Amino acid sequence: MKPRFTALKGVSDVLPPETGLWRKIENAACEVMGPYGYDEIKPPVMEQTELFLRSIGDSSDIVAKEMYSFTDKGGRNVSLRPEGTASIVRAYVEHNLSLRPAPQKFLYFGPMFRYERPQKGRQRQFYQLGAECFGVADPGIDAEMITMLVSFLEKIGLKGVSLEINSIGCKECRPAFKENLKAFFTPHLDSLCPDCQRRYEQNPLRILDCKVERCIQIRQNAPLISETLCQDCKDHFSGLIGLLDAMGTSYFFNPHMVRGLDYYTRTVFEVKSEGLGAQNAVAAGGRYDLLVSEFGGPDTPAIGFAAGMERLAMLLKEAATGEEVFPGAASPAIFIATLGKEAATEALKIASRLRAAGKRVEIGWSGSLKSQMRKADKSGAGHVVMIGEDELKTGKFKWKNLKDGSSGETAKEELLAKF
RNA sequence: GUGGGUGUAGCUCAAUUGGCGGAGCACUGGAUUGUGGUUCCAGUGGUUGUGGGUUCGAGUCCCAUCACCCACCCCA
């Protein structure tokens with residue numbers, strides 16, 4: 001048989017038992033971040049296109065050519081969200097959440113959409129888990145959030161990841177740094193790769209990220225942002241580093257790290273992992289002190305991060321062995337084999353009671369006892385309860401433990417207690 | 001958007017120079033009346049991704065298209 005419909009390019013189904021792993025990740029996020037004060041927020045998956053244009057900025061391909069945008073029946077220009085932060089800032093301003101006591105902390109889960117060419121760890125619809133915190137300018141909150149992210153990753157058992165941090169300055173010092181950088185690269189312009197020549201115009205910071213050997217060599221002596229930061233930004237960054245050191249959080253200072261989104265200021269960070277292919281970022285984030293006011297709210301410092309669910313799940317699957325990978329892959333505790341219509345009716349009644357007690361129960365509706373036994377075994381059931389003429393007559397049910405082979409008989413009223 | 005690779009059963013893969021599309025696993029059923037796993041037997045399952053072309057003949061060669069994989073770009 002050939003499927004009449006298949007999923008669109010770059011989108012995929014998450015099937016059980018993998019969904020159990022996803023749930024485990026989401027539960028861990030709530031458990032770890034709840035004590036930090038983060039509560040779930042559920043913004044819509046679509047917004048006015050303008051919202052993303054204004055926040056993410058046009059130096060990023062995300063807005064320039066990767067958005068799923070359309071005109072709705074009311075003539076509005078709408079886009080599926082390519083990331084989560086913009087919506088949450090919009091909600092923060094729209095609902096005057098700045099009037100609630102600071103800090104306001106939010107956690108979110110959900111799909112994001114970017115029209116990209118799929119590859120390992122990258123899809124057109126992908127899920128992110130993210131956190132945002134509004135109203136604290138102190139580097140303490142940066143350290144708190146980074147520490148929280150690290151303990152979340154530890155909680156789900158992720159190994160072999162590295163944390164990188166940097167500061168990309170503020171609206172005072174970053175423009176100057178951009179100019180310095182451009183000035184430095186101007187004499188080398190012809191030697192840079194074509195992509196970097198484009199970056200030189202669009203977003204010179206990106207040249208620092210280039211993977212081409214020649215560009216890496218050229219930039220060896222390029223100015224570093226850390227040397228150009230204004231005093232406030234320097235103080236902020238050294239404050240953060242001091243706190244991370246004090247917490248014993250290990251990090252790697254990467255002076256070349258830049259972020260794709262325009263709204264970031266000062267602190268940026270990224271968690272990378274081997275085993276993800278070229279798309280090696282598991283989680284990333286940073287401070288965005290200007291976005292709230294740009295959206296019409298009061299001056300409000302903020303910081304956040306997002307983690308890629310598919311990437312987290314991929315890493316956990318690769319690293320783990322055995323059944324604990326898929327905690328949601330439960331087998332029935334009890335399989336009820338039936339012989340005849342009356343037995344099936346009885347089975348349904350008994351199953352309802354057991355299920356109400358939280359037991360996972362499957363019923364074999366037809367077929368020989370042998371085939372039902374086989375089915376029970378394949379389902380991974382722990383016990384089989386048999387219902388046939390004898391049981392209906394006597395009210396005593398034969399059962400068999402499929403794990404150790406033991407068997408016995410239990411009266412109907414005692415079944416619930418037995419299992 | 002650019003480049004490379006791959007498309008055969010639900011899964012993993014065969015099929016000689018272009019010559020009748022198979023196997024293992026999985027699934028379904030059976031092996032003396034109501035007892036699973038091991039074993040044995042049988043069965044279901046395919047317009048070889050799709051559409052053209054070359055040929056007496058195409059899974060195999062050519063073109064197009066679609067999907068997947070990997071990388072660039074970009075990014076979680």
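Treat the numbers as computed from the prediction; the structure is a model and nothing was measured. Residue numbers start from 1 in every chain, and the chains themselves are labelled A, B, ... in the order their sequence lines are given, proteins ahead of strands.
- The distance from atom CD of A:Glu116 to atom P of B:A71 is 13 Å, rounded to the nearest whole Å.
- Considering only side-chain N and O atoms, A:Arg198 lies nowhere under 4.0 angstrom from the phosphate OP1 or OP2 of B:C72.
- Side-chain contact check for A:Glu66 and A:Tyr68: no donor-acceptor pair (N or O, by modelled atom type) lies under 3.5 Å.
- At a threshold of 4.0 angstrom between heavy atoms, the contacts of A:Arg122 include nucleobase atoms, whether or not backbone atoms are also involved.
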Protein-nucleotides 66-69 of chain B N/O pairs under 3.5 Å:
residue	atom	partner	partner atom	Å
B:C68	OP1	A:Gly10	N	3.0

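- Phosphate proximity of B:C73 to A:Lys211: present, with a side-chain N or O under 4.0 Å from OP1 or OP2.
- For the pair A:Glu270 CD and B:A76 C1', the computed distance is 9 Å after rounding to whole Å.
- More than 12 heavy atoms of other residues, nucleotides or ligands sit less than 6.0 Å from atom CZ of A:Arg206.
- In RNA chain B, the stems built from three or more successive Watson-Crick or G-U pairs (distances below 3.5 Å) are B:1-7 with B:66-72, B:10-13 with B:22-25, B:27-31 with B:39-43, B:49-53 with B:61-65.
- Here B:C74 presents its C1' atom at 14 Å from OH of A:Tyr264, a figure rounded to the nearest Å.
- Taking the C1' atom of each, B:G19 and B:U55 are spaced 12 Å apart, rounded to whole Å.
- For the pair A:Asn280 CG and B:A76 P, the computed distance is 12 Å after rounding to whole Å.
- Here the separation of B:U6 from B:G49, taken at their C1' atoms, is 12 Å to the nearest Å.
- The NZ-P distance, from A:Lys375 to B:A26, rounds to 17 Å in whole Å.
- B:C72 atom P lies 11 Å from atom CZ of A:Arg199, rounded to whole Å.
- Remark: C1' of B:A76 and CZ of A:Phe109 are 15 Å apart, rounded to the nearest angstrom.
- When heavy atoms are screened at a 4.0 angstrom cut-off, A:Gly130 is found touching no nucleic acid atom at all.
- Between the base of B:G36 and the side chain of A:Asp377 there is a donor-acceptor pair shorter than 3.5 Å.
- Distance noted for atom C1' between B:G45 and B:U8: 14 Å (whole Å).
- No engagement by A:Gln202 is indicated, since no non-hydrogen atom pair under 4.0 Å with the nucleic acid exists.
- When each of B:G36, B:C74, B:U28 is scored by its nearest atom to the side-chain atoms of A:Asp61, the top-ranked nucleotide is B:C74.
- Among the atoms of the strands shown, only primed sugar atoms or phosphate atoms (P, OP1, OP2) are found under 4.0 Å from some heavy atom of A:Ala284.
- Partner A:Tyr288 forms a side-chain hydrogen bond (donor to acceptor under 3.5 Å, both in side chains) with one of A:Arg259, A:Glu294, A:Arg266, A:Glu132 and no other, that one being A:Glu132.
- Atom P of nucleotide B:C74 and atom CG of A:Leu261 are separated by 13 Å, given to the nearest angstrom.
- Annotation: of the two residues near RNA chain B, A:Ala283 and A:Lys65, the 5′-most nearest-nucleotide partner is A:Lys65.
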Taking N or O atoms only and anything under 3.5 Å, show me the protein contacts with nucleotides 31-35 of chain B, one pair per line.
residue	atom	partner	partner atom	Å
B:G34	O6	A:Glu389	N	3.3
B:G34	O6	A:Asp390	N	3.0
B:G34	O6	A:Asp390	OD1	3.4
B:G34	O6	A:Asp390	OD2	3.2
B:G34	N1	A:Glu391	OE1	2.9
B:G34	N1	A:Glu391	OE2	3.3
B:G34	N2	A:Glu391	OE2	2.7

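- The residue A:Gly405 sits close to a base: some heavy atom pair falls under 4.0 Å.
- A:Leu129 comes within contact range of no nucleotide atom at all, as no heavy-atom separation falls under 4.0 Å.
- In this structure, A:Tyr200 has its ring center at least 6.0 angstrom away from the ring center of A:Phe185.
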